[in-house]
Amino acid sequence: MQISPSILSSDFAHLADELDRISSADWAHVDVMDGHFVPNLTLGLPVVESLVAVSPIPLDCHLMIDDPDRWAPAYAEAGAKSVTFHIEAAKDPVTLARTLRAAGARASMALKPGTPFAPYADLLPELDMVLVMTVEPGFGGQSFMADQMPKVAQVREAVRRHGGEVWVQVDGGVSASTIEQCADAGADVFVAGSAVYGADNAADAVAELRALATNHSH
Ligand code: DX5
Ligand code: ZN
């Protein structure tokens, strides 16, 4: 059970300090948005390169961008240990996943709430993680979509049948009041932005989320 706080909800003027606040977490989730794939613009490769240099924990880069086939490999080459592309934007996901792994990153595929998993189940051998979005990607602080839990369970079941080490991540509206149902459905990596950075003590929030998820692990 791993916690990946999203720095989208942190103070962008003090990113190094904000990473230190979550040093007890497993990953730092970095939301890259290009203003095209989603209607928001955040940060890109130069900032990620700087974050890799100072982060006490590995970076989990979630690329909400068009043409990940072209742009995603550079994030792995920059040192991000997990790189997630959206399947809705990828042209050749097999080649992309192989390129990410060859560059030393875990390769991950994300699904928007309206995107089904079944057409992409054959990609599991190429993947280290599947991200099931529990909000419409683009902004932090949105309401959790419980209607995505059957998809989480479906991915978990496919991973079980496949037999590999593929993690199942949820992202969007994950908090102390929603994380247990995610764990029950089969998620094992939990992104939380506002629930961690909005807390008085980020480390306490990480510990609480991890404990809740662990109590509901399979
Ligand atoms: C949304 C981003 C999320 C976001 C989560 O598009 O992918 O990572 O930061 O924020 P919360 O946890 O506040 O929903
Ligand atoms: Zn994200």
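Counting starts at 1 for both ligands and their atoms, following the listed order. None of these values were measured; they are calculated from a predicted model. Heavy atoms only: backbone and side chains are in, while hydrogens, waters and symmetry mates are out.
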What is the nearest protein non-hydrogen atom to atom 1 (C) of ligand 1, stated with its residue, atom name and distance?
-> Phe139 O, 3.5 Å

Any N or O of Gly193 that comes nearer than 3.5 Å to an N or O of ligand 1?
-> yes

If you measure every N/O of Gly173 against every N/O of ligand 1, is any gap under 3.5 Å?
-> yes

How far is atom 13 (O) of ligand 1 from its nearest protein heavy atom, and which residue and atom is that?
-> Ser194 OG, 2.5 Å

Going by the side chain to side chain contact (heavy atoms under 4.5 Å, CB included) test, name the single residue among Leu15, Val48, Leu63, Leu8 that passes it with Val30.
-> Val48

Could you tell me whether Asp188 and Arg156 make a salt bridge, using a distance below 4.0 angstrom between a side-chain N and a carboxylate O?
-> yes

Which residue owns the protein heavy atom closest to atom 5 (C) of ligand 1, what's the atom, and how far is it?
-> Asp171 OD1, 3.5 Å

Check which protein N, O or S atoms are less than 2.8 Å from the Zn ion (ligand 2) and report how many there are.
-> 4

Give the residue, atom name and distance (to 0.1 Å) of the protein heavy atom nearest atom 9 (O) of ligand 1.
-> Ser6 OG, 2.8 Å

What are the atoms of ligand 1, with element, lying closer than 4.0 Å to any heavy atom of Pro137?
-> 6 (O)

Of the non-hydrogen atoms in Leu131 and Val170, which two are nearest, and what is the gap between them?
-> CD1-C, 4.0 Å

Below 4.0 angstrom from a heavy atom of Gly172, which ligand 1 atoms are there? Numbered from 1 as shown, please.
-> 14 (O)

Which residue holds the protein heavy atom closest to atom 10 (O) of ligand 1, what is that atom called, and what is the gap in Å?
-> Gly140 CA, 3.6 Å

Donor-acceptor contact present, side-chain Tyr197 to main-chain Glu18, <3.5 Å = yes

Other hydrophobic cluster members with Met129, side-chain heavy atoms of Ile/Leu/Val/Met/Phe/Trp/Tyr under 4.5 Å, chained?
-> Trp27, Trp167, Val189

Numbering as shown, the atoms of ligand 1 that approach Met33 to under 4.0 Å (heavy-atom distance) = 6 (O)

Give the residue, atom name and distance (to 0.1 Å) of the protein heavy atom nearest atom 6 (O) of ligand 1.
-> Gly138 N, 2.7 Å

When hydrophobic residues are tied together by side-chain contacts of less than 4.5 Å, even through go-betweens, does Leu111 share a cluster with Met145?
-> no

Does Asp128 use its side chain to pair, donor to acceptor, with the backbone of Ala107 at less than 3.5 Å?
-> yes

Determine whether any heavy atom of Ala195 lies closer than 4.0 Å to an atom of ligand 1.
-> no

With atoms numbered from 1 as shown, which atoms in ligand 1 lie under 4.0 angstrom from a non-hydrogen atom of Met64?
-> 6 (O), 7 (O)

State whether the shortest distance between N or O atoms of Gly141 and N or O atoms of ligand 1 falls below 3.5 angstrom.
-> yes

